Amino acid sequence: MTGGPVHGTWEPGPAARWEDAFLSGNGHHGALVFGDPNADRVIVTHHTLVRPDGDDEHRRPPRLAAGLPALQDRLLAGDTTAAEGFTDGRPLHWVRPFHPAFQLRLNRPPGDTRAACRRSVDFTTGETTATCSTWTSRVFVSRADDVVVQRVTAPHLTLDLSLDPRLPGAPAGLGVGHGAVLTPEGALLSLRARYPGSDLAYTGVTLVAVTGGTTKLVPPGILVEGATEVLILTRVRRHTGELDVVTEGRALRDLPDGTSYEGLLDRHLALHRTAYDRVTLDLAADPAERALPGSALLERPRCTALLERLFAAGRYHLLSASGMLPPRLTGLWTGDWDTAWSGAFTTNANLNLQTASAATAALPEVTEAHAALVHGQLPHWRDNARAVFGTRGVVAPSHTDGESGHTYHFSREYPLHLWTAGADWLLKPLVDHDETRGGHDPRTTAALAEAALFYEDFLTRTDDDGRVLVVPSYSPENRPANASWGTVNAAMDLSAARHALLTAADRHPEHADRWRALADRLPPHRTNADGALAEWAWPGLADTYDHRHLSHLYGVWPLDEINPYDTPELARAAHRALELRGAENDSAHGHLHHALIAARLGDGDRVAHALGQVLDGDFFHASLMSAHYPHRDVYNADAAHALPAVLLEMLVQSTPDRLVLLPALPENCREGRLTGTRTRFGAELDLSWTADGTVTAVLRPDRTHRIELRTPSGAEPLDLAAGEDRVISVKAR
């Protein structure tokens with residue numbers, strides 16, 4: 001292989017749309033950088049910025065538990081529409097929408113329009129850089145100091161700088177106040193925005209340090225003339241009452257290396273670069289294609305250089321969006337107050353798909369952010385279980401704004417309050433993380449017990465064979481062809497209940513016998529007349545195939561319940577279900593969910609086809625952030641963040657007792673090298689493969705363990721000793 005993959009992307013000019021702006025973030029603050037030398041803009045975001053709606057009452061789970069037995073009776077008696085009335089009559093309420101804070105505007109007198117301009121983002125540092133003639137702007141969001149940092153340099157630099165709240169969709173009643181004072185280093189700017197009809201507000205504080213020249217107040221900002229450098233430090237706080245801007249400014253001034261861009265960057269790199277550099281994917285791409293700007297690569301959707309760059313960009317954006325919370329539907333970024341689906345967390349598919357690579361791609365920072373969301377909302381999950389189902393334990397919502405974990409977003413067509421699999425689905429990445437690192441997080445262990453307690457109270461109805469039933473049951477976000485949305489024994493619910501009970505039993509020996517016995521009483525999956533794994537195991541319910549969600553194949557991915565090695569008949573039925581599945585409205589998450597399941601089933605051709613649907617469908621902006629629909633319709637992080645997981649799953653799969661190498665390698669990836677990936681049996685792995693069929697893996701285990709090794713040459717046991725590297729070399733068939 002010549003050279004190596006590119007860890008960044010670039011464009012030959014500034015962004016015209018916020019969707020194309022290059023991104024930086026630290027999991028708290030985000031920045032969208034346009035890179036315009038004459039009228040630069042940096043849109044600042046923060047994970048906490050969700051717009052209040054003034055109606056706290058509807059953000060409560062519906063109190064329906066008293067009516068649950070009657071609903072169960074009706075569903076089991078064959079009333080296929082019974083669940084449509086299982087509601088408190090409220091209209092559909094969306095969760096509170098995520099929104100941007102403001103934009104930093106830096107306007108200069110027009111320069112030489114013939115000068116060549118370039119903007120780039122370096123994934124290894126998190127820096128975006130824009131250059132044009134003698135002007136340079138560099139921006140990053142510090143993971144060490146939680147601050148947006150920008151430095152602008154040019155000879156005789158003249159610019160006006162202001163904080164501008166005018167962004168698309170900003171409410172007319174937003175109460176905006178500006179502040180600007182001169183300071184010894186330059187100026188302190190502030191922007192306070194109070195939400196209409198609320199005591200909540202957010203305030204941005206920007207410290208400007210000017211080298212050379214003069215600084216003047218020009219409300220609402222400042223005018224800098226004749227400088228050689230301007231350093232800009234920005235933070236956003238959401239609060240009630242008034243924020244002490246002077247104290248916030250002092251905190252910015254007192255940052256370690258606070259007036260040194262390079263010093264601030266070095267502190268940031270110790271965290272960001274360390275995380276980003278852990279894993280690299282090299283697909284032996286053409287060096288000439290590797291040198292292309294991102295927009296040009298996107299016009300070559302089948303070239304391996306594009307896959308390399310999207311893998312690198314996906315890990316970079318996923319890391320950058322994860323900190324106090326995991327990534328939203330838009331990651332950590334938006335330039336519009338009217339963000340689709342509230343820019344929230346959709347937990348019944350999208351969130352887990354976005355974070356699917358966290359364990360394998362060695363990004364525990366992402367899993368820790370996911371854990372922060374889960375554990376921070378457990379009290380609300382308990383409320384959901386009590387109010388809707390009258391049980392102990394926990395039930396997770398399908399949508400959350402990041403603050404409330406209550407179930408209140410549901411309707412007749414989307415009875416999301418009936419979804420009981422959510423806790424297991426959201427805890428599964430935390431279980432994978434524990435397996436990878438070789439220890440049990442006591443918070444996860446406790447939450448698993450609460451999931452099991454829910455099922456202990458909920459699974460009280462039985463069929464004629466004594467099998468316990470999941471009733472009501474819901475398969476996100478689909479319905480049977482011959483029944484309504486709320487039904488009995490959705491395949492996802494069965495898999496989740498079984499997995500939750502067995503996983504909790506493994507960690508709680510005092511309850512293990514009881515929980516394993518309950519898991520054993522759950523019914524098996526059903527194969528329908530088409531030979532496909534049925535989405536509902538209840539007899540008589542017909543499948544609806546053309547749908548973007550693949551919830552019923554939860555047992556294949558991310559669970560290990562159904563696989564070609566231990567359960568070949570069920571795996572064949574699952575594969576048939578995948579063959580019959582349509583794409584419905586071409587949602588990016590549907591295509592990549594399809595690819596993840598195909599990889600688990602060893603179907604490399606189907607993985608390639610699903611990837612092709614996204615790459616051929618013009619889903620990616622020049623920023624290499626993605627869209628929800630083809631032709632870059634609706635800014636959305638699903639494809640950008642999930643694509644690295646697909647590439648990893650087609651190359652390496654692991655369980656606590658098994659390693660599978662190259663299970664679903666597409667034909668167009670005949671040569672490559674993957675370094676630094678992690679396995680669930682506690683080993684780091686480097687993998688290389690060549691066009692002549694040679695496969696070499698180097699395992700660096702931190703635990704002594706026997707696993708089953710599966711390669712294209714077959715299966716064999718493999719003994720690993722902690723601290724002793726193992727080199728595996730096989731020939732692919």
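Not measured: the values here are computed from a predicted model. The residues of the chain are indexed from 1 along the displayed sequence.
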**Q** Measuring from H525:NE2 to E569:CD, what's the distance to the nearest 0.5 Å?
**A** 14.0 Å
**Q** Nearest 0.5 Å, please: how far is CZ in R238 from CG in L200?
**A** 4.5 Å
**Q** Between atom CZ of R467 and atom CG of D520, what is the distance when rounded to the nearest 0.5 Å?
**A**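 Those atoms lie 8.5 Å apart.
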**Q** Looking only at side chains, do H499 and D424 share a donor and an acceptor under 3.5 Å apart?
**A** yes
**Q** Under 6.0 Å between ring centres, would you say that holds for H399 and W94?
**A**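 H399 vs W94: aromatic centres under 6.0 Å.
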**Q** Answer yes when D560 and R680 have at least one side-chain N-carboxylate O distance shorter than 4.0 Å, and no when they do not.
**A**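 Salt bridge between D560 and R680, a charged N being under 4.0 Å from a carboxylate O: yes.
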**Q** Are R443 and D434 ion-paired here, with the side-chain N under 4.0 Å from a carboxylate O?
**A** no
**Q** ring-ring contact (aromatic ring centres under 6.0 Å, His included) for H93 and Y408? Distances and angles first, verdict last.
**A** CA-CA 7 Å; H93 285 286; Y408 61 87; 7.3 Å; no
**Q** Quick one, H591 with D586, criterion side chain to side chain donor-acceptor pair (under 3.5 Å). Give me CA distance, side-chain angles, the key distance, then yes/no.
**A** CA-CA 7 Å; H591 290 304; D586 266 345; 3.0 Å; yes
**Q** Do W425 and Y554 have their ring centres less than 6.0 Å from each other?
**A** yes
**Q** Using 4.0 Å as the upper bound for N to carboxylate O, is an ion pair formed by R479 and E535?
**A**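 No.
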**Q** Determine, for R461 against D73, whether the closest basic-nitrogen to carboxylate-oxygen distance falls under 4.0 angstrom.
**A**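 The answer is yes: the pair qualifies as a salt bridge.
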**Q** Please check if any side-chain donor atom of E84 sits under 3.5 Å from a side-chain acceptor atom of S484, or the reverse.
**A**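 Short answer, yes.
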**Q** Does the pair D566/R658 count as a salt bridge with the N-to-O cut at 4.0 Å?
**A** yes
**Q** Hey, which of H99, H29, H46, H47 is the one that makes ring pair (Phe, Tyr, Trp, His ring centres under 6.0 Å) with Y202?
**A**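 One option only clears the test, and that one is H99.
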**Q** Between H433 and H370 (judged by ring centroids, cut-off 6.0 Å), do the two rings come close enough to count as a pair?
**A** no
**Q** For D53, is there an ion pair with R59 - N to carboxylate O distance below 4.0 angstrom?
**A**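 Result for this pair is yes, salt bridge flagged.
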**Q** I'd like to know if the side chain of T339 pairs up with that of T334 as donor and acceptor (distance under 3.5 Å, no hydrogens or angles considered).
**A** yes
**Q** Flag the pair E450 and R392 as a salt bridge only when some basic side-chain nitrogen lies within less than 4.0 angstrom of an acidic carboxylate oxygen.
**A** no
**Q** Check whether the ring centres of H552 and W536 lie less than 6.0 Å apart, and answer yes or no.
**A** no
**Q** Can you find a side-chain donor-acceptor pair between H511 and R514 that sits under 3.5 Å?
**A**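 Side-chain D/A pair, H511 to R514: present.
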**Q** When rounded to the nearest 0.5 angstrom, what is the spacing between OH in Y565 and OG1 in T655?
**A**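 One gets 10.0 Å once the value is rounded to the nearest 0.5 Å.
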**Q** Working to the nearest 0.5 Å, report the span between CG of N528 and CG of D530.
**A**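 Atom-to-atom, N528:CG and D530:CG are 4.5 Å apart.
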**Q** Atom CG of L502 and atom CZ of R516: how far apart are they, to the nearest 0.5 Å?
**A**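 L502 CG to R516 CZ: 7.0 Å, rounded to 0.5 Å.
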**Q** So, do W381 and H406 have ring centers that fall under 6.0 Å from each other?
**A** no
